Amino acid sequence: MTRVQLEKVSKVYPGGDEPAVADFTLEIPSGRLVAFLGPSGCGKTTTLKMIAGLIHPSAGRIFFDGEDILPIPAEKRGAVMVFQNYLLFPYMSVGDNVGFGLKMRGVKKQVIAEKVAEMLALVKLPDIAKRRPTQLSGGQQQRVALARALITEPRVLLLDEPLSNLDAHLRDEMRDLILSIQRELAVTTVFVTHDQEEAVLLADQIALMFDGLLMQYASPSEFYQRPISERVARFFGGLNFIPAQRSDGLVRTGIGDFHFDAAHDEQAPSGNTVLTIRPEQIRLNEATEVNSAAGRVRERIYVGKYTRYKIALGEVEVEAVSSAELPDALGVGDEVRVHFPPDRIWVVPA
Ligand SMILES: Nc1ncnc2c1ncn2[C@@H]1O[C@H](COP(=O)(O)OP(=O)(O)O)[C@@H](O)[C@H]1O
Ligand SMILES: [Mg+2]
């Protein structure tokens, strides 16, 4: 198990004006799965390649267990990368693909064969060692690529959007497989994705990147409850943003004042802020008047499992969901009291 640290890592490609990655600092605890999440072009693959040793940073340092690994060439780092498009050797059998890393190290044939069988069983693909990659489905090829990476017992496993070429049900299956293998082997893993849900389902910690910069590094639930900015909150599906003034435990807005439980949290900004609350955290027509505001239903969208409401609160509109369709469900035009639980509201800088 290996702890990975990046310290002010930057990459400027030749001819590039803006750095592809700038001042990237983070620590990946040993044996954990961290997701690099962000829109296309934000620098995820570049960062992964710098950890793998496939490209060299323009500045900064990278450590494995405290050791500076930048002078160490890719093949000796013990970090292996699995690419989005698998990159299997088409003219080699599946078995030879998987065993390739061991063959390069001069491991005996018999030992390689045993290890290959073990790896193919691990990725739940027994009995296909003799086939060619072209005879496999995309999902199977991705598993072979994973087996090929794992056979060398890497210190660090780097997965670059491994699910994005798979269709929906295969994606779920492969995601669960990756998670169970990662937990079983406890190999330090970086999983790159642009899909927020995928990151949340898989990762112990998420590193959210925009424009080459690390925006927030936190657990999945912190991204929902403690986003660092409105942009981060919106990336995670946040919809409700109300201009506010916060002083200590009170958040003042145009639709009323709200008590704020997380006032002691150092991440919560003061003064000119924006109150945010997730649609599923808003309660409708609670008995209490505290932390509530009067509004009117403007739109009602039945989604099946739940109902979405757009609610006008004076000048402000918020979205709320109710988990079940109640017999006395709210209709468009109905008056409604929205309640923001003090432990569910959050503030971000204006
Ligand atoms: N080899 C390269 N030469 C020049 N620019 C590159 C190269 N690879 C990536 N870039 C640029 O660096 C930025 C980050 O790219 P990348 O790391 O591939 O992002 P992501 O994986 O998040 O989509 C993008 O603006 C991209 O165009
Ligand atoms: Mg990429």
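In this chain, numbering begins with 1 at the start of the sequence shown. Just so you know, ligand 1 is whichever comes first in the structure, and atom 1 is the first atom listed for that ligand. All values derive from a computational prediction rather than experimental measurement.
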Backbone or side chain, does T45 get an N/O/S atom under 2.8 Å to the Mg ion (ligand 2)?
yes
Under 3.5 Å, is there a donor-acceptor pair between the Q5 and R3 side chains?
yes
When you measure from the heavy atoms of S40 to every atom of ligand 1, does any distance fall below 4.0 Å?
yes
Can we call the ring centroids of F210 and F235 under 6.0 Å apart?
yes
Can you tell me how far apart CD1 (I345) and OG1 (T276) are? Round to the nearest 0.5 Å.
10.0 Å
Taking the side chain from H339 and the backbone from I282, do they hold a donor-acceptor pair closer than 3.5 Å?
no
So, do F36 and F191 have ring centers that fall under 6.0 Å from each other?
no
among protein heavy atoms, the one nearest atom 14 (C) of ligand 1 is G41 O, 3.4 Å
How far is atom 18 (O) of ligand 1 from the closest protein heavy atom, and which atom is that?
T45 CB, 3.8 Å
Are any of the side-chain nitrogens in D204 or R183 under 4.0 Å away from the carboxylate oxygens of its partner?
yes
Strictly less than 4.0 Å: does any protein heavy-atom distance to atom 24 (C) of ligand 1 fall in that range?
yes
Quick one: are L159 and L146 in side-chain contact, heavy atoms under 4.5 Å?
yes
Could you tell me whether ligand 1 has any atom less than 4.0 Å away from a heavy atom of C42?
yes
Identify the protein heavy atom lying closest to atom 17 (O) of ligand 1, giving its residue, its atom name and the separation to 0.1 Å.
T46 OG1, 2.5 Å
Identity and separation of the nearest protein heavy atom to atom 12 (O) of ligand 1:
A20 CB, 3.3 Å
Would you kindly say whether Y13 and T46 are connected by a side-chain donor-acceptor distance under 3.5 Å?
yes
When only distance counts, is G43 in polar contact with ligand 1, meaning an N/O pair under 3.5 Å?
yes
For atom 20 (P) of ligand 1, is the nearest protein heavy atom closer than 4.0 Å?
yes
Report the member of F210, F36, Y13 with the shortest heavy-atom distance to atom 4 (C) of ligand 1.
Y13
